[in-house]
Amino acid sequence: MISTFNYNAEYIQNKIVEINVNEEAQELGMVFSEEKIQLLRDTICKGATPQEFDLFVHACKRLGLDPFMRQVHAVKRWDSNLKRESMTI
């Protein structure tokens, strides 16, 4: 019974953090306009695939980080296992 309680307490704590992060992201204006999205595509995420770009935008919104203030970066690197470039956030 103790392990179930600990799991439930941790789950509830994670949900509270998730709600707080989402509220802070909205308060900080982490809802990007179409202009900002295009600016991200052309500058910070230049060369990213559509999936990588969507992942980057989602991570920014979810974590409440502002890429324009250099709080988060999209880095393209060669992955020798995949034999192509991949993005790291």
Tell me which donor-acceptor pairs under 3.5 Å the side chains of residues 72-84 have, and how far apart each pair is, sequence neighbours excluded?
residue, atom, partner, partner atom, Å
K76, NZ, G47, O, 3.4
K76, NZ, E52, OE1, 2.8
D79, OD1, N81, N, 2.9
D79, OD1, L82, N, 3.3
K83, NZ, S80, O, 2.9

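The two residues A48 and M87 come nearest to each other via the heavy atoms CB-SD, 4.3 Å. Taking both residues in full, the closest heavy atoms of K36 and F68 are given as O-CZ, 3.7 Å, listed atom of the first, atom of the second, then distance.
Rounded to the nearest 0.5 angstrom, H58 NE2 and L63 CG are separated by 8.0 Å. Summarising the geometry, atom OG1 belonging to T49 is positioned 8.5 Å from atom CG belonging to D54; distances are rounded to the nearest 0.5 Å. With rounding to the nearest 0.5 angstrom, the CD1 atom of I89 is 8.0 Å from the SG atom of C45.
In this structure, the side chains of P67 and L40 come closer than 4.5 Å at one or more pairs of heavy atoms.
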Yes or no on side-chain contact (heavy atoms from CB on, under 4.5 Å) for L39 and F32, after CA distance, side-chain angles and deciding distance?
CA-CA 10 Å; L39 184 60; F32 298 116; over 6 Å; no
